[in-house]
Amino acid sequence: MTTSEERVVHQLDAEQLQEGLPGVLRSPADEGTIELIVRRPVVDERELLEVAELDLERGLVGDDWYARGSKSMSDGSSNPDAQLTLANARAVDLVAAGDRERWALAGDQFYVDFDISEANVPAGTRLSMGTAVIEVSALPHDGCVKFSARFGKDAHRFVNSKENRHLNLRGINAKVVEPGTVRRGDAIRKL
């Protein structure tokens, strides 16, 4: 069996991505759904989960965020403002050209059918997911070199463009403020 990265994949060009934007913009604003949960046990590995535990200190239990640390922190510790990452499932589906098997390659932990634009969930917004509560961070979540390699340069430009940046098409960072359990299919809602 081949991995998603070994298959020949279709990448959308700038025009196709822009044409798909209206579908992303129709994401629910007040209550959505957790479509996919992904744990990253080590760099470049993905585990699809049905149930995840969120912890105040460790974030998504079993994810490498805590152990990996961050270059953004002077002591190399994990950045608490980047404890979790959420991606709009419609945006990821667009850049993945409709190939759901490739979603996890975006590198996020939660893929939600929910409007995560800056206007809808500005920094400081609290969201319930399952029995947990998270808080949206002000720390930007940008597409990186790996994102560009997996989804194409047009997709990288699309999610990071000045015109689209406020939509958070690449996703958002968040932190756990109330630990709990999150299941695929659970609601995500603004508090």
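For the single chain, residues carry numbers from 1 onward in sequence order. Computed from a predicted model, the values in this text were never measured in an experiment.
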Can you name the nearest heavy-atom pair linking Trp65 to Arg40, along with the distance?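 The answer is CB-NH2, 4.0 Å.
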Knowing that exactly one of Arg184, Arg90, Arg26 qualifies, which makes a salt bridge (charged side-chain N to carboxylate O under 4.0 Å, His left out) with Asp113?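 Testing Asp113 for a salt bridge (charged side-chain N to carboxylate O under 4.0 Å, His left out) against Arg184, Arg90, Arg26 leaves exactly one candidate, Arg90.
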Among Glu53, Glu47, Glu45, find the residue that satisfies the salt bridge (charged side-chain N to carboxylate O under 4.0 Å, His left out) test when tested with Arg39.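 Of the listed options, the one satisfying the test is Glu47.
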Thinking salt bridges, do [X] and [Y] make one under a 4.0 Å N-O criterion?
X      : Y      : result
Asp93  : Arg100 : no
Arg157 : Asp154 : yes
Asp44  : Arg150 : yes
Asp108 : Arg170 : yes

When you measure from the side chain of [X] to the backbone N and O of [Y], does any donor-acceptor pair fall under 3.5 Å?
X      : Y      : value
Asn120 : Ala29  : yes
Tyr111 : Val92  : no
Asn173 : Leu139 : yes
Asp13  : Gln16  : yes
Ser137 : Asp81  : yes
Asn88  : Phe114 : yes
Glu50  : Ile37  : no

Looking at Leu94, Val95, Leu21, Asn160, which hits side-chain contact (heavy atoms from CB on, under 4.5 Å) with Leu169?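 Among Leu94, Val95, Leu21, Asn160, the one meeting side-chain contact (heavy atoms from CB on, under 4.5 Å) with Leu169 is Leu21.
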Among Val136, Val177, Leu191, which one satisfies side-chain contact (heavy atoms from CB on, under 4.5 Å) with Leu127?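 That would be Val136; it is the only one of Val136, Val177, Leu191 passing the side-chain contact (heavy atoms from CB on, under 4.5 Å) with Leu127.
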Do His10 and Asp99 have side chains that get closer than 4.5 Å, going by heavy atoms?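 The answer is no; the side chains never approach within 4.5 Å.
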